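The basis for the numbers below is simple: all heavy atoms, side chains too, and nothing from hydrogens, waters or symmetry mates. Just so you know, these numbers come straight off a predicted model, no measurement behind them.
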Amino acid sequence: MTLTTSKPTVAILGAGGVGGLLAALLSRSGHRVVCLVREATADALRDGGIEVRSRRFGDFRAAVEADTELREPVDACLITVKHTTLDDALARITPAALGDALVVPFLNGVEHPAALRARYGPDRVAPAAIRVESTRLPSDGNGPVVIEHGSPFAEIDLAAGPADRARLEALAKALSEAGTTARVVADETRTLWEKMSFLAPFALLTTRYGLPLGEARTRHREELEGLVAETAAVSRACGCPVDPAGALARYDAFPPEAKSSMQRDAEAGRPLELDAIGGALLRAADRHGVPVPVTTRLVREIAAAGH
């Protein structure tokens with residue numbers, strides 16, 4: 001199957017903040033969307049669809065298909081679950097069922113592409129990064145799946161790597177026409193580490209202190225600057241130069257009420273992606289001999305808190 005039609009069929013693994021938002025936007029723009037989720041979530045999606053609340057995209061409801069596993073060919077499969085549930089979730093997508101579809105992981109961290117390529121094939125996997133604040137709201141099991149999109153943007157980078165660039169361009173076009181800002185980029189390392197360099201300080205600082213970004217960046221400025229400098233040093237050692245001053249400016253421009261997904265998981269008592277974010281950063285630092293004392297301490301303190 002080649003992803004060249006104007007309305008490709010897209011499977012989405014997960015229906016959380018990112019997966020639910022992308023599913024609703026693609027469905028609203030005329031794509032066939034199949035969400036691969038647990039049975040209870042599948043029932044909610046079949047009955048009520050997805051309700052989006054967004055200043056950027058408006059408030060709307062979209063119908064999607066839902067199943068507990070992939071049963072037929074699609075053009076692309078977006079992976080939007082958390083690392084903490086990834087192994088179990090991938091059982092919903094067998095390599096045989098996937099066929100030659102693109103696998104596009106919207107995962108935090110930098111270590112997942114190798115594992116996905118080992119499972120699905122090196123030319124099928126195209127890592128993606130999305131810049132967005134989007135959250136699935138708690139539900140009592142009745143009504144639609146509700147997604148609250150809080151950021152004034154939803155920006156996507158699709159890293160071509162060994163995947164077919166024409167197919168990725170078609171997916172980027174579909175995502176852009178659905179309302180996001182999507183582009184194909186050539187440098188996978190830069191895509192992954194540019195996201196990591198922003199996400200890691202944001203996630204670690206807000207989770208450690210249980211504060212939204214506005215308070216965290218003010219009350220713990222020295223630690224934020226230390227985290228940014230350390231992450232930039234590791235990123236540079238991995239082949240992706242990052243400007244610490246530019247990173248700090250991005251934090252200062254971000255909405256003060258913003259919370260990281262890790263912080264929201266901590267507040268809800270869910271498992272944290274601490275190893276995929278903080279652990280991966282520490283492992284990369286160790287490989288390249290980069291000292292990261294602030295990062296090391298915050299990862300240790302978050303782990304000790306027993307979230």
Side-chain angles (χ1 to χ4, degrees), residues 8-54 56-72 74-94 97-98 101-108 112 116 128-130 132-151 154 156 171 174-175 178-180 182 259 261-262 264-265 268-271 273 276:
T9 297
V10 180
I12 299 182
L13 183 62
V18 170
L21 178 65
L22 295 180
L25 290 172
L26 287 167
S27 174
R28 184 172 69 165
S29 66
H31 295 271
R32 183 184 175 211
V33 177
V34 183
C35 291
L36 305 172
V37 291
R38 293 177 298 175
E39 187 62 55
T41 304
D43 288 340
L45 290 169
R46 294 182 192 116
D47 292 342
I50 301 173
E51 179 182 318
V52 173
R53 301 172 184 173
S54 170
R56 170 73 172 81
F57 301 117
D59 296 346
F60 67 95
R61 187 177 294 196
V64 297
E65 298 178 39
D67 208 334
T68 56
E69 62 181 277
L70 184 63
R71 303 179 193 274
E72 60 183 289
V74 294
D75 294 296
C77 181
L78 314 185
I79 298 179
T80 68
V81 296
K82 298 286 182 70
H83 267 279
T84 52
T85 64
L86 180 61
D87 289 343
D88 289 340
L90 288 179
R92 305 185 190 282
I93 312 169
T94 65
L98 184 71
L102 286 173
V103 177
V104 184
F106 287 81
L107 291 167
N108 293 326
H112 55 274
L116 291 172
I130 183 168
V132 70
E133 185 187 13
S134 185
T135 305
R136 178 177 168 182
L137 300 183
S139 169
D140 59 6
N142 298 314
V145 168
V146 180
I147 304 296
E148 186 173 76
H149 170 234
S151 58
I156 296 171
L171 179 60
L175 289 166
T180 73
K259 295 182 178 183
S261 60
M262 188 189 293
R264 292 184 185 277
D265 286 340
R270 294 187 291 263
E273 292 186 296

| task | For side chain to side chain contact (heavy atoms under 4.5 Å, CB included), just list the numbers for D67 and E72, CA-CA rounded to whole Å, side-chain angles, deciding distance to a tenth of an Å, and then say yes or no. | result | CA-CA 11 Å; D67 208 334; E72 60 183 289; over 6 Å; no

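- A donor-acceptor pair under 3.5 Å links the side-chain atoms of R46 to the main chain of A66, judged by distance alone.
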| field | Check against side chain to side chain contact (heavy atoms under 4.5 Å, CB included), T68 and R92 | value | CA-CA 6 Å; T68 56; R92 305 185 190 282; 3.9 Å; yes

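- In this structure, H149 and A154 approach most closely via the heavy-atom pair NE2-CB, 4.5 Å.
- For the atom pair T80 OG1 and L86 CG, the distance stands at 10.5 Å (nearest 0.5 Å).
- Contact check for V81 versus D88: no side-chain heavy atoms found under the 4.5 Å cut-off.
- At least one donor-acceptor pair under 3.5 Å links the side chain of S27 to the backbone N or O of A63.
- Contact check for L137 versus R53: side-chain heavy atoms found under the 4.5 Å cut-off.
- In summary, E133 and R264 engage in a salt bridge, as defined by a charged side-chain N under 4.0 Å from a carboxylate O.
- Between the T180 side chain and the L175 main chain, a donor and an acceptor come within less than 3.5 Å of each other.
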| field | Derivation of the side chain to side chain contact (heavy atoms under 4.5 Å, CB included) call for L78 and L171 | value | CA-CA 10 Å; L78 314 185; L171 179 60; 4.2 Å; yes

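- With contacts defined as side-chain heavy-atom distances shorter than 4.5 Å, the pair I156/L22 qualifies.
- A heavy-atom distance below 4.5 Å is not found between the side chains of V74 and V10.
- Residues F106 and L13 are not in side-chain contact: their nearest non-hydrogen atoms beyond the backbone lie 4.5 Å or more apart.
- You'll find the side chain of N108 reaches within 4.5 Å of the side chain of S261, heavy atoms only.
- Electrostatic pairing of E65 and R71 does not count as a salt bridge here, judged by no charged N lying under 4.0 Å from a carboxylate O.
- Within 6.0 Å of CD in E148 there are 12 or fewer heavy atoms belonging to other residues, nucleotides or ligands.
- Between V64 and A23, the shortest heavy-atom contact is CG1-O, 4.1 Å.
- Looking only at side-chain heavy atoms (C-beta outward), I147 and S134 come within less than 4.5 Å of each other.
- Here the CG-CD1 distance, from L116 to I79, works out to 5.0 Å after rounding to the nearest 0.5 Å.
- Between the side chain of D75 and the backbone N or O of A101, no donor-acceptor pair lies under 3.5 Å.
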| request: Mind running side chain to side chain contact (heavy atoms under 4.5 Å, CB included) on C77 and L70 for me, showing each step along the way? | output: CA-CA 9 Å; C77 181; L70 184 63; 5.6 Å; no

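- When all heavy atoms of K82 and D265 are compared, the pair lying nearest together is NZ-OD2, 2.6 Å.
- Of all non-hydrogen atoms in V37 and A42, the two that sit nearest each other are CG2-N, 3.4 Å.
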